[in-house]
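Shown below is the structure under consideration.
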There are 2 protein chains.
Amino acid sequence: MARARIVDPEEGPRSKRGAILVAAVERFGEDGYENTKWSEVADRVGIGQTALYHYFESKAHCLLTIMRLELQRSHDQFVEATKDETDPVEEVRAAVRSAFAVTEQEIRQMRILQANMSLLATPRKSKREETERVAARQLVQMVERDWTSLLMRGMSKGAFPLRDAHTLGLSVLGMIVSVWRWYRPTGAIPLSEISEMIEGCVVRMVAE
Amino acid sequence: MARARIVDPEEGPRSKRGAILVAAVERFGEDGYENTKWSEVADRVGIGQTALYHYFESKAHCLLTIMRLELQRSHDQFVEATKDETDPVEEVRAAVRSAFAVTEQEIRQMRILQANMSLLATPRKSKREETERVAARQLVQMVERDWTSLLMRGMSKGAFPLRDAHTLGLSVLGMIVSVWRWYRPTGAIPLSEISEMIEGCVVRMVAE
DNA sequence: AGTCAAACTGAACTGAACTCAGGTTGTTTG
DNA sequence: CAAACAACCTGAGTTCAGTTCAGTTTGACT
């Protein structure tokens with residue numbers, strides 16, 4: 001499986017691009033994007049602030065890259081998880097479970113993505129930032145289409161009652177990703193329990 | 001009904017506090033908080049930038065005030081909408097409908113609230129900002145409790161199957177508020193349709 | 001050893017948020 | 001009425017994180 005990794009093997013051996021992304025995910029994920037000084041990321045990687053600009057055009061460019069990579073990963077994981085299922089209900093169940101089968105770093109990436117989603121709405125001034133933004137936007141639409149087309153397949157097979165698949169898909173997706181706003185690995189409820197609860201909710205929402 | 005209004009009648013007759021809040025809601029709601037220059041808000045109100053500091057300690061203080069007022073309004077509206085209902089299912093329906101019975105300005109306020117929710121997580125340096133942040137946080141918990149206690153009542157009455165009311169409440173709330181991330185009054189689907197669809201989803205989620 | 005691109009740096013710049021040191025306006029009170 | 005006072009406002013200056021500039025260092029490969 002070609003899952004989008006933070007560390008790109010295409011880079012030169014001396015490149016610190018991957019290390020910067022990892023450090024940025026940690027800091028942006030813990031304290032938030034606005035609350036994190038760009039120079040702190042440099043400190044953590046062990047380079048001067050200006051060296052960051054060798055790899056990213058700006059702090060926002062780094063953030064947008066993180067968001068795009070996370071969206072790519074989410075989409076890939078959805079496709080991977082649902083490709084072998086034929087029964088619509090089982091397909092929905094697999095999709096929900098895959099959304100919560102994530103590492104701690106991926107949780108941070110989801111949190112960053114959700115917290116800064118509105119950044120994708122308005123155009124960016126610089127070229128490379130805009131490229132990342134547009135790519136991220138398209139991936140958002142792709143993830144939305146993953147869900148809507150899954151629901152539409154289930155409806156046309158007669159497994160789900162007919163409803164507005166687009167609005168329903170956005171609602172399901174909204175409920176799933178809302179978890180990353182409050183979930184912390186140190187919290188009282190394990191993620192597996194949340195996943196099971198949401199799985200049941202989604203099935204009742206779409207199939208009854 | 002004492003709904004929290006943006007314009008506080010306690011203010012002096014010359015005060016532009018209300019006008020600043022209205023202008024800020026418009027600008028923050030349309031272009032986003034980070035994308036809006038604080039001086040643009042001053043321009044719109046027709047005062048110099050520094051005059052803003054007579055009413056708010058900072059741009060963030062203004063944002064936090066908007067968020068707190070919107071949370072207060074949401075809570076009040078929930079209480080108002082559910083107070084006469086006795087049947088748990090009807091109570092849930094009323095709560096969902098009330099969440100979507102909003103004006104265009106309130107839609108912007110919800111959008112601002114959702115987009116900047118993560119601001120409530122970390123303490124603020126200045127006194128007045130921190131006061132608003134803590135008040136907003138408590139209101140978030142109050143709105144969450146509105147939902148969880150509604151679900152718990154329904155469960156103990158035997159109207160809803162027993163589930164983790166807290167996680168379920170957060171999921172329901174997450175689905176509802178996720179609408180403000182993508183909904184625009186100019187869009188193809190009217191809000192009434194979205195409201196009906198979500199109402200059905202929530203009922204199936206909690207009552208079946 | 002020489003060349004080249006990738007990787008890096010300290011010093012200077014920018015712009016938006018904010019502070020300061022007062023000035024103006026309207027209202028209250030003797 | 002005018003003095004006193006608080007609310008309201010302003011232009012000039014400061015701050016600080018993000019960014020640009022003008023080069024310098026590093027290491028792989030002839």
Side-chain angles (χ1 to χ4, degrees), chain A residues 7-24 27-28 30-66 112 116 119 122 124-130 132-133, chain B residues 7-24 27-28 30-66 112 116 119 122 124-130 132-133:
Chain A
V7 180
D8 188 339
E10 303 261 318
E11 295 165 24
R14 285 193 288 161
S15 173
K16 297 214 175 68
R17 189 168 181 276
I20 292 169
L21 285 168
V22 169
R27 304 297 291 103
F28 295 172
E30 294 308 316
D31 291 4
Y33 172 73
E34 296 296 342
N35 242 328
T36 304
K37 285 179 200 139
W38 197 207
S39 61
E40 283 173 37
V41 175
D43 289 349
R44 179 161 296 212
V45 176
I47 56 179
Q49 327 180 25
T50 51
L52 293 169
Y53 293 88
H54 184 67
Y55 301 100
F56 297 100
E57 205 171 19
S58 63
K59 190 186 173 192
H61 180 222
C62 177
L63 173 63
L64 286 164
T65 302
I66 291 169
I112 293 166
N116 300 284
L119 199 73
T122 49
R124 308 256 89 207
K125 280 156 193 169
S126 84
K127 196 93 178 286
R128 293 168 71 195
E129 279 182 30
E130 182 62 8
E132 288 288 8
R133 186 188 74 91
Chain B
V7 180
D8 188 340
E10 303 263 317
E11 295 164 25
R14 284 192 289 161
S15 173
K16 297 214 174 69
R17 190 168 181 276
I20 292 168
L21 284 168
V22 168
R27 304 298 291 102
F28 295 172
E30 294 310 315
D31 292 3
Y33 173 72
E34 295 298 339
N35 242 328
T36 304
K37 285 179 201 139
W38 197 208
S39 62
E40 283 174 39
V41 175
D43 289 350
R44 180 160 295 214
V45 176
I47 55 178
Q49 325 180 24
T50 51
L52 293 169
Y53 294 89
H54 183 69
Y55 301 99
F56 296 100
E57 205 170 18
S58 64
K59 190 186 172 192
H61 180 222
C62 177
L63 173 64
L64 287 163
T65 302
I66 291 169
I112 293 167
N116 300 284
L119 199 73
T122 49
R124 308 257 89 208
K125 280 158 193 168
S126 82
K127 195 94 178 285
R128 293 167 72 195
E129 279 183 31
E130 181 63 6
E132 287 289 7
R133 186 188 74 90

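What you see below is based on every heavy atom in this structure, not just the backbone, and it leaves out hydrogens, waters and symmetry mates. Each chain gets a letter, A, B and so on, in the order its sequence line appears, and its residues count up from 1.
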Any His54(B) side-chain N or O less than 4.0 Å from OP1/OP2 of dC8(D): yes
Look for any protein N or O under 3.5 Å of an N or O in nucleotides 3-6 of chain D and output each such pair with its distance, or none.
none

We want to know whether Asn35(A) and Thr122(B) form a side-chain donor-acceptor pair, criterion being a heavy-atom distance below 3.5 angstrom. yes
Smallest separation among heavy atoms of Trp38(A) and Leu52(A), with atom names: O-CD1, 3.4 Å
DNA chain C: 5'-most and 3'-most nucleotides touching chain A, 4.0 angstrom heavy-atom criterion: dA6(C) to dA11(C)
Please tell me which of Pro13(A) and Gly48(B) maps to the more 5' nucleotide of DNA chain D, matching each residue to the nucleotide holding its nearest heavy atom. Gly48(B)
For nucleotides 12-19 of chain D, 5' to 3', base contacts (B), sugar-phosphate-only contacts (S) and non-contacts (-) with protein non-hydrogen atoms under 4.0 Å give B----SSB
Tell me, please, which residues at least two apart from Thr50(B) pass side chain to side chain donor-acceptor pair (under 3.5 Å). none
Note: Glu57(A) and His61(A) closest approach over all heavy atoms is N-ND1, 3.0 Å
CG on Leu64(A) to CG on Leu119(A), rounded to 0.5 Å: 5.0 Å
If I take atom CZ from residue Phe28(A) and atom SG from residue Cys62(A), how far apart are they, to the nearest 0.5 angstrom? 5.0 Å
Answer yes when Glu130(B) and Arg124(B) have at least one side-chain N-carboxylate O distance shorter than 4.0 Å, and no when they do not. no
Sequence-distant partners of Glu34(B), salt bridge (Lys or Arg N to Asp or Glu O under 4.0 Å), two or more places apart: none
Has Lys16(B) got its NZ or CZ under 6.0 Å from the middle of the six-membered ring of Tyr55(B), at an angle within 45 degrees of the ring axis? no
Can you list the residues that meet the side chain to side chain donor-acceptor pair (under 3.5 Å) rule with Arg44(B), with sequence neighbours excluded? Glu26(B)
